[in-house]
Amino acid sequence: MVLEQIRVGSDNFCYVIYCPVHKKAAIVDPGFDATKALQVLTSQNVQLEYVILTHYHSDHSSETKHLKKNYPLAQIVASKEDGKRLPIRPDVVVSDGSKLKVGTIVLSFLLTPGHTSGGICIIVDGNALLTGDTLFIGDCGRTDLPGGSLEEMFQTLQEKILSLPEDLIVYPGHDYGAKPFDSLGNQKRTNKTLRARTLKEFSLIP
Ligand SMILES: [Fe+2]
C-alpha cells in the first residue's frame, strides 16, 4: 500500500492511496488542484477506482468532477447523510463498518459525526487513519457549522477515535498542526480534544 499526502489549497490535505501490484487507486478529499493527485495516478500508471469524500464541504470535494472527467468509471464514495448534501450523488454509500478494497488494500469506514452529521474516517490497511475534519493534529474539527454538533463530536472522539489502536497514523484533512501527521497514541496523549474526559470539559476547550 502506498499513501501520498498532498497539500492543496491554502492548508487542505488530499490523499492518494494506491496498490502498486494491482494498479488501482483511491483519492480522498479532492478539494483543490486535482492535477497534483492526477499526476500521481499517471506517473504510477494506476487506475482511479474510488473518489472518497470524508464529508460534503467543498474544500474536500469540489474537484470530484474534474477527477470524474479523467476517470469516468471512478465511483464516488460518501456517507448517506453527507451524500445528500453533495452536488453529485455518490455511487457508493458507506456506513459504520463498511469496507472497500482497492487492489489488495482494505479500507474500513467509521461514521464519525460532529463536524458534519455524516462525516467519515477511513482506516487504510489497519495502519493509517484518515480523519477528514473530525480530528486534526492537536485539535478537532469545528462543530459550529451547519450539521455540526459539539455533543456528537465529543461522542465520536470518546467512543470511536479513542478506542482505536495507538499505532495508527493519523492523516488529517487540514495542515493545522505542528506536523502533517502523527501516531494516534501521541495524539491521545497530547491532543486537548482527546484528553477531555467530560462533555463539560470538552465544551470549555478554546
Ligand atoms: Fe469541513
Side-chain angles (χ1 to χ4, degrees), residues 3 5-17 26-34 36-37 50-67 76-90 92-96 98 107 109-124 128-161 164 170-182 184 187 191-194 196 202-203 205-206:
L3 184 151
Q5 183 183 48
I6 305 171
R7 209 171 187 281
V8 294
S10 56
D11 51 37
N12 277 76
F13 284 129
C14 168
Y15 294 92
V16 182
I17 299 157
I27 291 178
V28 179
D29 285 357
F32 301 95
D33 202 5
K36 289 186 182 176
Y50 297 113
V51 178
I52 306 170
L53 310 171
T54 60
H55 62 296
Y56 76 90
H57 290 160
S58 62
D59 61 328
H60 295 257
S61 59
S62 61
E63 287 282 84
T64 303
K65 270 186 190 165
H66 186 164
L67 295 176
I76 299 166
V77 181
S79 72
K80 188 179 172 200
E81 278 303 306
D82 275 35
K84 287 182 205 162
R85 294 172 176 83
L86 287 167
I88 315 177
R89 295 280 74 81
V92 180
V93 171
V94 288
S95 55
D96 213 31
S98 294
L107 306 176
F109 295 86
L110 302 169
L111 196 58
T112 55
H115 178 65
T116 62
S117 56
I120 54 173
C121 290
I122 309 151
I123 298 174
V124 186
L129 174 66
L130 275 62
T131 53
D133 285 2
T134 297
L135 187 71
F136 301 129
I137 303 307
D139 210 338
C140 71
R142 288 174 64 167
T143 58
D144 59 340
L145 298 169
S149 158
L150 184 96
E151 290 77 11
E152 283 187 331
M153 179 62 90
F154 182 64
Q155 205 174 355
T156 284
L157 297 178
Q158 291 290 313
E159 291 172 12
K160 301 276 175 75
I161 304 295
L164 296 172
V170 176
Y171 289 96
H174 286 269
D175 191 10
Y176 288 158
K179 39 188 162 181
F181 52 85
D182 193 15
L184 182 57
Q187 284 302 297
N191 186 319
K192 61 192 176 190
T193 67
L194 292 175
F202 183 65
S203 68
I205 294 171

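Just so you know, ligand 1 is whichever comes first in the structure, and atom 1 is the first atom listed for that ligand. Values below: all heavy atoms of this structure, side chains included; hydrogens, waters and symmetry mates excluded. All of these numbers come straight from a predicted model, not from anything done at the bench.
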Q) For the side chain to side chain contact (heavy atoms under 4.5 Å, CB included) test, which of Ile76, Ile27, Asp29 pairs with Thr64? A)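 Considering Ile76, Ile27, Asp29, a side chain to side chain contact (heavy atoms under 4.5 Å, CB included) with Thr64 is found only for Ile76.
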
**Q.** Neighbouring protein N, O or S atoms of the Fe ion (ligand 1) [cut-off: under 2.8 Å, no waters]
**A.**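 His55 NE2, His57 ND1, His115 NE2, Asp133 OD2, with waters left out.
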
**Q.** Whether His60 and His55 hold their rings parallel, tilted or perpendicular, with breakpoints at 30° and 60°
**A.**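 The arrangement is tilted - the two ring planes meet at 30° to 60°.
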
Q: Look at the rings of Tyr176 and Phe136 and say which category their plane angle falls in: under 30° parallel, 30 to 60° tilted, over 60° perpendicular.
A: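 Perpendicular.
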
Q. Is Asp133 paired with Arg142 through a side-chain N to carboxylate O contact shorter than 4.0 Å?
A.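 Between Asp133 and Arg142 there is no salt bridge, as every charged N stays at least 4.0 Å from the carboxylate O atoms.
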
Q | Approximate separation, where rounding is to 0.5 Å, of Leu135 CG and Tyr171 OH | A |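 It comes to 14.0 Å.
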
**Q.** Atom pair NE2/OG of His115 and Ser149 - distance to nearest 0.5 Å
**A.**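 The distance works out to 12.5 Å.
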
